[in-house]
Amino acid sequence: MTRTNSLKLRALGAASMLALALSGTAYAQDMLKIGVPTAMSGTYADLGNQAKRAVEFAIAEANARGGVAGHKVEAKILDTEAKPDLARKQSERLALEGYKVLTGVIASGEALAIAPMLDRWDALYVATVTKSDKITGDSCVRRAFRVNHQDAQDAAVVNPWLAGRKEQKWAIIGMDGAWGRGSGAGFKEAATANGKSVVAELYPPLGATDYAAYIQQIKASGAEGLWVALAGRDAVSFATQARQFGLLDSVFTAGVSFVTDNTVQAMGETAKGIHGIINYSATLDTPENKSFVAAWAKHYNGDQPSNFEGETYLGMQVIFQAVEKAKSVKPIDIARAMSGGSFDTILGRVAFRPEDNQLILPNYFGHVAETEGKLRPVVTMSFPAEQATPAPSGACKLQKL
């Protein structure tokens, strides 16, 4: 080989290595980066961990298939403690680090703190747990989308369920925040529409540990039925004390996010017979859900996905399909693909309402019972999406994307 040819080969090799390095850098910059500001400590830590597991599972699936539209996916998770101010700071940190597609937030107050900042951060937020009507109502923004059920959708299925209940006097207990008070207001409206009365409304602070005074007020009110809007550790603490004080034996009890898969495990026999809204269940009989549950069990050593894990996975399905439609990982392009779009999910094909960025979803009601030797929420009533999703309130005034 001549010295000239040798130099040419070396130059060609160096150029090839440089090209590979540059392409690798470009690929890294073109990743789909998911930011997960969620509660990894505090009252809602269990819910945050469920969101984390669902995000990680969805990403593992996507990357095993070669990514999403050719983009490798990665996530970064930061603890918000379910505190709005901290959620805003952590979300800004994620966005500044390039994790601009945000999801996994637990408390509605956190979502309401994040949403106004999305344009400034050039970010996108997909709600998978937060329920307050305000998120897709009077506080809506063009870059915030919700794939889980809002309070109004839950209230829509409470109405026909309540019509079949004999209890006339009801009490409400919910966390003192946007979600708890919103759920309470929705239940009260449904109760009034069905000729029933609400004789007590109680809103303890997030993270309360002693519910004795609230339980005594419910017992003293003469309520025959109780609606509960408590989640996570709050739900377990209240249910345990309510059973100890005999409340669950004397007052018919139901709720939303109260007896979920994980809280039922923590409550044990205390949860048996409690009724509630079931937004998602591993037992839902659709081909898509059966496939998801089987894959989840294989990945997580035989576990079944909880309701919050199912809803968060659904959110990841929507994000991935929007990226494929947009052929881009830029938040504004993903948002445009989501707006008014239809997506194939574990709940079937569902669509966003362009008026408020709320996904139109079926919904379910049931109670805690033993099935296959295990206590779990069991669906007994199903409502199709058109019945379970009321018309937009008109409070949302979205700007054009």
Side-chain angles (χ1 to χ4, degrees), residues 31-40 44 47-63 68 71 73-80 82 84 86-88 90-95 97-115 117-118 121-132 135-136 140-150 179 279-280 305-324 326 329-335 337-339 341 343 345-347 350 352 357-359 361:
M31 282 183 182
L32 172 56
K33 293 187 172 184
I34 309 292
V36 188
T38 196
M40 298 307 297
Y44 286 163
L47 280 67
N49 187 57
Q50 292 173 60
K52 173 180 177 288
R53 278 169 38 110
V55 169
E56 290 176 342
F57 172 75
I59 288 175
E61 266 194 332
N63 285 337
V68 177
H71 303 283
V73 191
E74 68 173 30
K76 185 167 185 176
I77 298 158
L78 295 179
D79 185 12
T80 67
L86 184 55
R88 183 170 57 247
Q90 297 289 54
S91 298
E92 182 174 29
R93 177 181 165 188
L94 288 165
E97 292 179 11
Y99 296 87
K100 293 175 178 286
V101 179
L102 304 170
T103 193
V105 175
I106 303 301
S108 292
E110 296 179 276
L112 292 168
I114 290 169
M117 309 302 294
L118 294 172
W121 298 337
D122 184 27
L124 169 75
Y125 168 56
V126 179
T128 66
V129 178
T130 49
K131 284 182 167 292
S132 172
I135 296 166
T136 45
C140 70
V141 297
R142 62 182 183 167
R143 289 174 179 249
F145 295 78
R146 176 160 41 201
V147 304
N148 64 303
H149 300 77
Q150 66 180 109
W179 165 60
N279 296 142
Y280 166 81
S306 70
N307 58 310
F308 294 121
E309 288 165 343
E311 289 182 300
T312 301
Y313 178 78
L314 187 153
M316 295 296 286
Q317 287 185 298
V318 168
I319 291 169
F320 292 166
Q321 289 175 51
V323 169
E324 289 168 351
V329 294
K330 292 180 180 179
I332 191 66
D333 294 335
I334 300 171
M338 282 187 183
S339 182
F343 302 88
T345 74
I346 51 176
L347 296 184
V350 290
F352 280 110
N357 291 344
Q358 172 65 54
L359 206 62
L361 297 160

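Numbering of residues begins at 1 and proceeds along the displayed sequence. Keep in mind that this is a model prediction, so the values were computed, not measured.
Partners of Q317 under the side chain to side chain donor-acceptor pair (under 3.5 Å) rule, at least two apart in sequence or in another chain, do not exist in this structure. Among residues two or more places apart in sequence or in another chain, the side chain to side chain donor-acceptor pair (under 3.5 Å) test is passed with T38 by none. Applying the side chain to side chain donor-acceptor pair (under 3.5 Å) test to Q50 and every residue at least two apart in sequence or in another chain returns D46, S306. For F352, the ring pair (Phe, Tyr, Trp, His ring centres under 6.0 Å) partners are F145, F343, not counting sequence neighbours. In this view, E56 and K52 satisfy the side chain to side chain donor-acceptor pair (under 3.5 Å) rule, not counting sequence neighbours.
Counted by atom type alone, Y313 and E61 present one or more donor-acceptor pairs between their side chains at under 3.5 Å.
Contact check for I59 versus M316: side-chain heavy atoms found under the 4.5 Å cut-off. With contacts defined as side-chain heavy-atom distances shorter than 4.5 Å, the pair I135/L112 qualifies. Contact annotation: the side chain of E110 never approaches that of T130 to less than 4.5 Å [non-hydrogen atoms, C-beta and beyond].
Between D122 and R143 there is a salt bridge, since at least one side-chain N of the basic residue sits less than 4.0 Å from a carboxylate O of the acidic one.
Side-chain atoms of T312 come within 3.5 Å of backbone N or O of F308 as a donor-acceptor pair. A donor-acceptor pair is defined here as one N or O able to donate and one able to accept, closer than 3.5 Å; such a pair exists between the side chain of D79 and the backbone of M40.
For residues 305-315, the pairs satisfying salt bridge (Lys or Arg N to Asp or Glu O under 4.0 Å) are R53-E309, with sequence neighbours left out.
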